[in-house]
Structure formats: structure tokens, C-alpha cells
Number of protein chains: 2
Amino acid sequence: MAKFTFVDDINKLLSDDKWLILQERYDKKLNQRYETNFTLANGYMGLRGSFEEGSDDECPGNFIAGIFDKSEAQVRELVNVQNWVGIKVYVNGKNLNLDKCEILDFIRILDMKHGILFRGITLKDDSGMITRIEGYRFLSKHNVHRAAIKLFITPVNYNGAIAVESIIDGSVLNSKENPAYKTKHLRIVENTNFVNGGCYLETATRDDDTRIGTGFYVKVYRSDDGNNIVKHKRFAPLGEISSEYYEFDVTENKTVEVDKFVSTYTSRDISKEKIKSEVEKDVYNFASEGIDKELLKHIEIYEKLWNVADIKIEGDDEADKALRFNIFHLMSSVSESDYRVSIAAKALHGEGYKGHVFWDTEIFMLPFFIYVYPKAAKTLLMYRYNLLDAARQNAIRNGYKGAQYPWESADTGNEETPQWGVDYKGNPVRIWTGDIEYHITADIAFAVFEYYRATDDIDFMLKYGIEMILETARFWVSRCEYNSSLDRYEINDVIGPDEFHEHVNNNSYTNFLARWNIQKAIEFVEFLKKEYPSTYEMLTSKICLTEDELKNWGDIIPKIYIPFDKEKKILEQFEGYFKRKDYVIDKFDENNMPIWPDGVDITKLNDTQLVKQADVVMLMLLLGEEFDYETKKINYEYYQKRTMHKSSLGPSMYAIMGLKVGDYKNAYYSFLRSANVDLVDNQGNTKEGLHAASAGGTWQVAVFGFGGLYVDKEGALNINPWLPEKWRKLSYQIYWKGNLLQINIVKDNVDVKILESNGKKIKVKIKGKDVEVN
Amino acid sequence: MAKFTFVDDINKLLSDDKWLILQERYDKKLNQRYETNFTLANGYMGLRGSFEEGSDDECPGNFIAGIFDKSEAQVRELVNVQNWVGIKVYVNGKNLNLDKCEILDFIRILDMKHGILFRGITLKDDSGMITRIEGYRFLSKHNVHRAAIKLFITPVNYNGAIAVESIIDGSVLNSKENPAYKTKHLRIVENTNFVNGGCYLETATRDDDTRIGTGFYVKVYRSDDGNNIVKHKRFAPLGEISSEYYEFDVTENKTVEVDKFVSTYTSRDISKEKIKSEVEKDVYNFASEGIDKELLKHIEIYEKLWNVADIKIEGDDEADKALRFNIFHLMSSVSESDYRVSIAAKALHGEGYKGHVFWDTEIFMLPFFIYVYPKAAKTLLMYRYNLLDAARQNAIRNGYKGAQYPWESADTGNEETPQWGVDYKGNPVRIWTGDIEYHITADIAFAVFEYYRATDDIDFMLKYGIEMILETARFWVSRCEYNSSLDRYEINDVIGPDEFHEHVNNNSYTNFLARWNIQKAIEFVEFLKKEYPSTYEMLTSKICLTEDELKNWGDIIPKIYIPFDKEKKILEQFEGYFKRKDYVIDKFDENNMPIWPDGVDITKLNDTQLVKQADVVMLMLLLGEEFDYETKKINYEYYQKRTMHKSSLGPSMYAIMGLKVGDYKNAYYSFLRSANVDLVDNQGNTKEGLHAASAGGTWQVAVFGFGGLYVDKEGALNINPWLPEKWRKLSYQIYWKGNLLQINIVKDNVDVKILESNGKKIKVKIKGKDVEVN
């Protein structure tokens, strides 16, 4: 690892390798992958890890949670807003460019412990001048509007003139590399400088005039005395780019420091009129405090988060660090207090899936937050509650009742799934998920219950959660179709989690969860009646729920059809699935990934039993208590052989179920695959953003899989772990009903410690035995 | 030369090599040089020769004569306006990029005869797909608002989907590579599409709100049937970029044609409100006529111009073609009818010298126009006449009388010389030329007279020319300082043509021309009194010129001091020049260019006798009839040894004088150097724009030097040629007092033919002998 020459305090931050993700070689082909992996986010905003000086083939991104716009795009998408990362360095008038200079040494380090991205690069230009540029950046978790970049510039072998240009780039587009879709979402409102120096760029989304104000102030001084050395400064409003330029003289081997203080406010935060003055005030306050003060507060928050979130795997450094990488990005991507935003499928890390929120959040990511960061978990659910009215509108629009959540959700809660995409061969195909992938509505109800079960947050349930469960149940009742000839209720023409099969009838996953949803609703109504009669009255009156309607729900439940082969004990993925052409996967590539069986026509997957990702298995994970061991095992084995894993959501789920049914080897491989999905880019699309669901799934494998955590039918916490041979120890922390527990697993031994207690005694079942922990 | 596969008619255009400038290899380091050399201009606008698809290290430029703006720049500069050249090609979704694909073959051809830039490139992308892109572009000389690009795209080895994106790029900056100066001159007024397709981008200069509207329409069709093949089309207003995108299917080896029809109007042409509708109308008319119709009219005009302008040098292909290259760009850069614009030092070919007009135009370029394209010559002088009032204001501002022309002139006629620049070492230096390089004012008066002498355009003189001569004379009178102790008039604290020496007194060139200017003014007053008494009355009354003032002028003339060493017969460049340190140049580099003599401190050139460019020699060329052969020879030899040729303006002038005094060998080298200045980039700065003065100087060497043309004291046309050994024949055409003459020189034999006659007999002196030509 290249040594940083800057202050010792900072080198200390970098002392523990297991917290560090390194890039030790520059390869422009990997720029976009590293941009995703080195994204910093603080829940309010996310900045892709592009270089301050820019580079070839880059795709910079700066996203603010909740800022969406459509303009000429297909649907509303998370806007790539003006980017403040740019700091260009000129040596004797010539731009130091990574792709044109000789790179004498290179390192970038993501310090996950503190949420800081470090860099150290030594460049030799074509006249032989050698310049070292080190530094770091962070997006403050303490004051989420703030971010800073610090560069240490050292002229290694010359005296001369260096100039630095600091910019805010408002010329950004979404989908900039795709001319068929590239879209400008912003117009420039103001491009100016502050009275005492520094730039301000304000933009507005074109559809809604949502304002985004970004400002910076730059200090340049010599490390040894801290005095300003800029002798010439120039502001230039370059159209969509705001630029300030600084000239100074440098002495061989004397380091110069460049501090860029950035602040961002939007009209989602404060009124339009106040944005500029707020940004200006914040930038100047920040600059006068200096970087360190904010950085220390930022670090403090990360340390607190890690105290709960960190999982240690002793004996397997690769898995240990990869898991930490997933947790880091998940944890960084959430806003703990903004009820108007959730976490997108690609988090704040890229434009993939347009910044939309899918079931990924509730089913794959939320468990991490429920058990590790419950305040954030509540926020994520509040995002859905806030959009409950929109979901009611969706239901009405589609001819149903209650609340139908959109398959892809942005800021308004309207369905944002594009109607058209391209297939593997580049031909346009109609995308049906937004029309008929209904299960999202049950997934959200499920998530509400999962949150409640783990937190006992009755306040949330009374105010928000039960209403969501009732309204989603009501949707399912209206969605069920009565088949009088068979005297059963069906849910036809749907897409289940396995998207290879469209327009299927009675998808088990969907029907089972729909039934569960209606059942839960009835249970909660009973519960309210009994325990909270005034809430019962208020709520049923608010949503116009009558006893008659409730009785109807109860009548429907037993008649909802679930296709199940009783003999073989196999849930049929959907009605008629077993009659499709049966291909069994028997070949795997060098990454242990399935290869298409011989003879499959990949344009006609609908006709086969091949599955894109866990569907029935997914159901058996979510509602594990509903299925016995044998059923799980049989179904796992049946579907495992038919699942192509064409979604990054799959491997983690198969890993957990594998561990439950004894398929340990596959589980470990799947875990690593899932943990490494972005680190080694094994799906090939890391550049588009973080695989956030996979990150959540990875955590689930660690805790629910190897860590053996589950909640049984009685609502008791069970720990039933299994560790791979080389894992000496696995330890993790979870919140359980207000207590913070630490679980230490060494081989077969499970030790549960209470780190914070809510005062009540806690019972835990370890490998089926009740244990009281203190 | 690579063969073009497109239609035969076009291959015919390319049949004569002497009209073609070829680039046969792509080298991104040379992109900016070729952008200048492959600039197309039609006097109204100029487009640098960058690639439609863009390339690394490019510096595109699109300039409209007369569109200036200051904003944050040092001074008003020619605005790099929105650029319409962009056409990106995508093969199966991937951008075809010159710098990322393998280039299987490459050619670009500037067809000087027809003013067309051809291209033919075959690219292989990283998936092995080979695509050939051929085509051409032109800026119409017929309708100067129109331009077109035609591309022929052939999928060489695949069937597939190709997409094309056509843009107008309004994100352009001036000085984009220099962060200390880069400036945005435009704001976007409108970015939209036309009702029936095509884009429209309107910008405005930030200072004056001068509007520039650019529109295009694109057709895509298969060569074999001409039918539209676009199956999907999308307009996107990308902030400062207007983009339209077209998708279509292609078949192996079937060529597809892309026609881009462009039109540009500005508020200099029509009222703001009408720009958009005018552009739209013009674009649609153009598109419905097709490219060929406009192209043929364009070619017709070039052919007419070449009928007069072309010079043939038989026996020396290099010189023949290089000279033609200079003439081509000069001829292309002038507007024959817009009295508000002149030709900048870098023409319409680059941002160098900020699009300003210097003495380069009147002294170096104008002779070409006077003799070859007199209508344009008049236009160039009318630019100065239009700014006569501004020159009067300049004089008043500086405490003088009459009209003082600015050293650097843009659109307003105010002095636009930046006050600060950087020296050879990058340190800031005060630029004094705008303050004290006065000779421009006499240069313009000289040019007026030169035009009149060759054209007999008395109408111009009565309306404009004499007024300019009188007002400039008046400036000189007010600028002269009476030295009572020596009873002489001095012009102190000036810079002469040699800019190594600043703040000198009594520069011979300046004083001599000032005296000539005053003398000419008096002569014209006498002439008017006698021949045009009513004009005399009107004019003297208009400019308040009294007999008393005139008498004073007459008194001053004989007392204007010219430092002259009568013994040695050497004009001293300025008073005290001979006392400066005398270094004599005795070493030359491989290009025959002077090397700094040993011991010279290049930061103190003021203290030496080293000269940047012709100064005394320049004077002896302009006013050749005032000096005898011996004086010319002695002065040539003296200054030749001390001239470092740090200006591209020098070699041509030394070549002409060399030919007059018998230094033939140097003359030929200097001629080639001058002719090749941009073709081989021997000054190293071709990328900044055309060396337009050198281009004019090159023509002058051919006609005034080798061609031996000069006007003697009596105003008679003399031809006294000298041809290099290998030149079998030199022939050129000139207008002389309304007649078009062809001069054919074969060895010692001179033949003069009248191609067009004004009816009067013409006398010409060939080698001193009167000859009557018919």
C-alpha cells in the first residue's frame, strides 16, 4: 500500500486493513465500476467515486434522494444533479490528466469505517514534471448538506506555477452514454459567485421546478504555515458550469493544501427563496470551522453505526471484508429521518433502474435495517405510508380497491415502470411488470409486519402500519377472481418474482402472500377491537371498512387457490408450470453460475420451467414458519436445479434456504457470490450502481443463514447457526424488541450478550432450546 | 489515396491532385492543426475541421463574422458560437469513436477548387464490426447561411442496427483549454425542435443580446432507393445541446446516406423575432431542394473566383499547391458585401488573437483582394470607414485629433488589445501595443490609396476614402511633437512593426508613413479642390477642416524627423537603435530559421539591435518608389542579419525585398516557409487559426516578388519578374483599373493578356519597357 505523506492522524485512520477497500492500479476500463464501489452517500445525497480531475470513460453521478424528474425520459427518474467533485490541476498551464500523464503511483482507498474516500496519485507530465496529489473526500453524516474534498498537492521535482480550477458541473445528463434515452432534467437558475469568493449554482428540475442549490468555497494554503497562497483568482460562469480558478506559486517538495467546502440545499429542504442564502451561510460556516471539525462529527456517527452494524467473520478475511463492504453501502444509503425517500435498487450509487424503489427494499434490504438500524427501517416504511394515498389511486385507476403499490416507485407513488425495454437481442419488448407484478403490494404488508414483530413498535402500527396492512388486504380481495366452477379464488394474469414467466395464473408466491396479507389484516382488526378500540373505530371509519366487508375477507381466505402437488410436496410455481418444458441445469461456468441447458430458446423462456430467480423458495423463506423442513428441502432441490440466477437477488436467498436444508457448499459459494457482486462485478453491471438488494441479501445470509437467526410461529427469536469449516467465529449485533444483543458464534457454541437492555427479560431459543439472556 | 465508394460525380471532383490537401493518417496530436487547415469558411461563417463524431484533444470552432462579446474575457472576442458539426454514429448501441476503434483506413481531403471537405474512414469496433463512414461538408458561398454535411455509412461486415445522433452544441466556450481565460459568451435562448423534425438552438451573446439561431434537418435513407429508413426518432433538448436521434436497420454492404441541412441566421441579419422562422424556412427549403442543388451553385462561385485568383507555378508542385492553399483560405474568409466585418489575423479559422483585426488585413492581405477580388477589397476598407467615428473617439480619448485606428479592432472600433499577457517564461507582462503601436493608422490610409491606385475607384474615394486619409493625417499632425531645440517634429514613445522594441522614439517606419499620410492628405485636398469642388466643400465642412489647419500640415511635413545614416545609407529603425547592443545572426536551425545569437538575454531584447520582423524593410516595400535600389539593398542586408523572424509576417516581406535586391535563394526559402506556415505548422501554432497575414504575404511574394508586379512613382504598372530555376512557368491574373489581365511568365518572357477589358487601352511596363497590351 502506497504511503500517504499527509498528516499522521490521517494515516492512523487507515491502520486497519479489514476496513479498507483498495484500488491499487488505474485502469480506465474500470473507472465506472470503481465509481459505483467508491460512491459515498449519506442518505441525503450520493456522489459516485469519479476523480476530481476527471478521467476517460467516466460516468460521474451526484444524486439527491427524492429528486426525480421526467422531462423527455420514459418515466420519472432519479436526477443526476449538478456535480461538485471537479477540481482540475494545472502545472505551468498544462492540465494534469490521469489519462495523459505517466502514473508513477496510484492508490485509492475506501475507508469504510469512517466513510471517507482517500486517494494518492503521482503523475509525471510530458515535460517531466512530477506532481503528487493526495487527499480525501467525505459526505457528512452529521450535517448531510455538507461535503468536503481535501487535496494535498506536492510538486515533487520542480518549482513553478500551479493553478487549480474548482467547478460545479450543471451540464450533467441522465443516461449520457445512451443517445436514445439521454435526458436533461435540469435548467440553470443561477450561476454566480458569493461575495467573498466561492461559486453557487442553482438548478431546477424541468417538470416541477424543484430547486437544487450547490455552493462551494475553496482555500489554498501551504501545509507548513497555513497561509493563503493564491495570488490570482477568477470566477467564470461557464453556462451550465460554475468555475473558480486559483493561481499560486509552488516550491519543490513543499505541499500545498486545497480544501473545497461544499453545501447543498434544495426546495425539498427549505423554501426556494432561502436556498441560496442558506447554502452561502453553510459554506462559509463550514470553511471557517475547517474540515476537521465536521469530519470528526461525521466519523463519530459512523463509529456509532458500526458498533451495531458490523459483523465479524474470523478465519475468512475475504468474506469478512466483502460483507462489510455491503453493509457499509447499505448503511450509507439510508436517510434515517426523511420519510419521503426510500432506498433505490441501485441506492444513491448510479442511474441503474432510474433510482426507482422496488420490492428490493422491503424484502431484501429492510431486514438489515429492522435488526440493525430500526429507526431507519421505520423511515423506509414511512416512505410507503406517505405514498399510501397514491397506492389507493393506483388501485382505483386499475379497477381495484384498497391500496396497490407500484412495481417501481419514485417520489409520487405512481407506477413508474417503463412500458418498453429491449430484450437480450436489442429488440423492443413490452415490459409488463408495472402492469401485473402485483406481489409488491403484499411484500410491503409483509415488511410492515416483520418490522413490528422485531421491534414491538405498536405506535407505528397504530398510526400507520395497520392501515397499510388493511388497505393492501383490501386490494387483494378486490384483485381475487372467483372461479365458480371450481369454487375458488384465483389471481390470474400476473408476474411472480420469477420474471421469465409473464401472464401466469395463480402464482404460488403471489397467492400465498395475498392470502397471508388478508389474514393478517383480519388478525389486526381483531387485535385493535380488543386492545385499541378507539383506534379501531377511528381507522375503520377513516378507511370505510365495514363488518360486512371484513366478513367477506374471512370467507375468501380459505378459498384462495395455491397450486400444490400434495404427492410430491412441491408447490407449483404457478398453475400449469409443471406442464412447461422441463430443462434441468447441469452445467455451470467457471464462477459456478448456471449455463443455459442445451436446446433452450432464450426468446421463449415462458415455455420452459427455467426460473430467473427464487420464487417458490423465496416464499418459503419469507413465510418459513408455514412450511415444514421436508417441504422446504424438496422444493429447494426442485427449483434449485431450474433457477438460472439471472438476478443478483437470487444467490443470497438460495444460500439461506440451502443452509436451512443442508446444502452448505452451495450456500457458501452463493454467499461469496452475493457479497462480491459489486467488488468483482460478477454481474457485469456494477457501473450502473450498487446491487443494493444483493447487499441486503448478503447481510441476510450472514445473519439469517450462517448466523441462524429466525422468528418462529410464536414470535420467538431463534438462533440456529451453521458456520463454514474455516470460520473460527461469527459475531453480529441485532436489536430485538428494543434490546441490543450481541451474538457470538464459535463453532457450535452460541453466546448471546445484551449490550443495551429495555429492562424486560429476553428469551431466546438457541438451537431450539429456550435460553434466558442477561 | 483511398478510394471513395460514393457516387462517380463526386469522385470526378477529386480528379485533380493539385487542388487537394490530403490527410492520410489519423494522429490525435494533430487534430487541432487539421481543424485549422481544414476549416471551411464562406465569409459569413467559418467552421473548424473537427470530426462529425468528435475526437480526443479536439478544439472545435464555429465563428460568425462580426459576432463579438466580452463577458468575463479580457476584451471583446470573436465568439465561438454553437457548433452544428456533430453527428455521432452508434453501431448496435455502441458509439463509433475514432480514438477507441481500430482505424482500418483514413483519409480527409480538402478540395480547394470547390470548397468542400471530404472524408473517408473505416472503423472496426471492439466487437469486430467494421463500418465505413465517408462524406463531405461545405459552407455555401451561394447562400452563406446554409451549410450541409453528407455522410455515407456502410456496415461492411454485419447486419444490425445503426443509430445516428445529430446535434447543435451550445455548450461551447472560448479559450476552453485555458482555465484562466475560458469564457462563456452565450446564453441559451431556445432549444427546441421544428414541427416536422429537426432541431433549433438559439443563443444570445451575454453582453449585447446578439441572437444566433441555428437549425438543422436530417434525412436518412438507403443509397439504392432514396427512401427514408428511420424507424425511431427522438428529439431531446439537452440543456445547452440540441439533439435529434435516429434509429434504423442496416444490411451488410448496403450504404446508408445521412444528409444534414443546416441554416444559421443572427440578429445582425434580421430582427430577433424573425430568426427562428427564417432558419426553419431555410432549413426546410434546403432539405426539400436536396444538397446537390446548393452544392452546384456553391461550386459555381468558387470556380468563378478561382478563374481570377488561381496562380499556376509549373515545375514546382509543392510551391504551386501550397500557394493555392493560402489563396483558398484568404478567398474563403472574406465577405464581399458585409461592410461591418473584416478579416481577422486568424481569419474565421480559430480563436487566436481573439478574432481581432490588425494591420495584417490592410498591409498583408488587402493587396490580394485589391488585385484579385476588388469588390471584397472595398468591403474590407468599408469596415474601417464604418469605424471611422470610433477612431475619432479613440483619438479624442487619447488626447489627439482626427481618427486613430485601434491596434486591435473588433466590432465597435474601440481599442481591443488586452493590456496584459504572458512572456516567454509565463510571467505577466504589460502589453503596450494597444497604447502605442500607432502605425496602424497610417497603414489604413496607405491601404486606401493602394486600393484607389489599382482600381481608380473614384466613387469610393469621394465618398469614403479621402475622408479616411484626411482624418488619419489629422491624427498624425496632432500626434507629432515639436522639438524646438532641434526644430523638428518627432513621434516619440511608440512601437514600430518590430515589437521587440517598445517605447522607442522616431521609429522610421512610423514617421515615414505618418509623413506620407499627411502628404497624401494634402494632395487629395488639392485634387478635390480642382476636380471635385463640391465634394471638397462638403467634406471640409463635414470634418471642419480649415485652410489654416491645412497650411499647418504643409509646414510640418518637411520637419518630421526620420533617423537616417546618410553615410551608410541605412535608415535607423528608431532613434538610438544603432547604439543598442549589436548581435548578428549567424546560425540557423534545420528549417533555416535564425537561432538566437550567443549571449542574448531574451528577456531584454529591447537593449539589442535584434528585430522581431521586417520594420525598415517593410517601409521600403510599401513605399518602394521612395527609395533607390542601393538604399534598399544596403538596408535589406543590414536588417536581414538582425531579424529573428518571430512573426509569421516576416518571411514573405523579406522574400519580396530579397527578390528586388538579388537575394534569390533566401527569397525562395522564405516563400516556401511562408506558404507552408500552416501546412507544416512551422510556427507551431496553426491550431490557433490560419496565419492569414502570411497567406496574404505568400500571395504577395508570388505576384510582387517572383511575378515582379509593382506600381511605380507615376502610377504605372510594372512587371519585372524573376523565376527560380525549376519554375517553368508562372501565371497569374490581376484586375488593373477595371481590366482583368493574365500575366504569363516563362523564363525571361512576359506575356500579358487582357481577359476582360474596360474598353480603355492599357499600358504596362515590362522590365522597364512600355508595352501596350490588348
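In what follows, chains are A, B, ... by sequence order, proteins preceding strands, each numbered from 1.
- No more than 12 heavy atoms of other residues, nucleotides or ligands lie within 6.0 Å of NZ in K687(B), so this atom counts as exposed by the packing criterion.
- The shortest distance between side-chain heavy atoms of P428(B) and H232(A) does not fall below 4.5 Å.
- L173(B) touches chain A through its side chain: at least one heavy atom from C-beta onward sits under 4.5 Å away, while N, CA, C and O do not.
- For the atom pair D56(B) CG and D56(A) CG, the distance stands at 6.0 Å (nearest 0.5 Å).
- In this structure, CD1 on I241(B) lies 8.0 Å from NZ on K184(A), to the nearest 0.5 angstrom.
- Heavy atoms from other residues, nucleotides or ligands lying under 6.0 Å from NZ of K70(B) number more than 12.
- Other residues, nucleotides and ligands contribute only 12 or fewer heavy atoms inside 6.0 Å of the OH atom of Y353(A).
- Heavy atoms of Y246(B) lying under 4.5 Å from chain A are absent altogether.
- Chain A forms more heavy-atom pairs under 4.5 Å with one residue of K182(B), R187(B), E177(B), E72(B) than with any other, namely K182(B).
- A pairwise comparison of heavy atoms in P179(A) and E165(B) identifies CB-OE1, 3.9 Å as the closest pair.
- Atom OH of Y90(A) has more than 12 neighbouring heavy atoms from other residues, nucleotides or ligands inside a 6.0 Å radius.
- Per-residue heavy-atom pair counts under 4.5 Å with chain A were compared for S171(B), A180(B), G160(B), and the maximum is reached by A180(B).
- With respect to chain A, the highest number of heavy-atom pairs below 4.5 Å among G170(B), P237(B), A163(B), S243(B) belongs to P237(B).
- Among R206(B), K88(B), E247(B), the residue with the largest count of heavy-atom pairs under 4.5 Å with chain A is R206(B).
- A 4.5 Å side-chain heavy-atom check between K100(B) and D57(A) finds at least one atom pair inside the cut-off.
- Here the NZ atom belonging to K94(A) is positioned 13.5 Å from the CG atom belonging to N178(B), to the nearest 0.5 angstrom.
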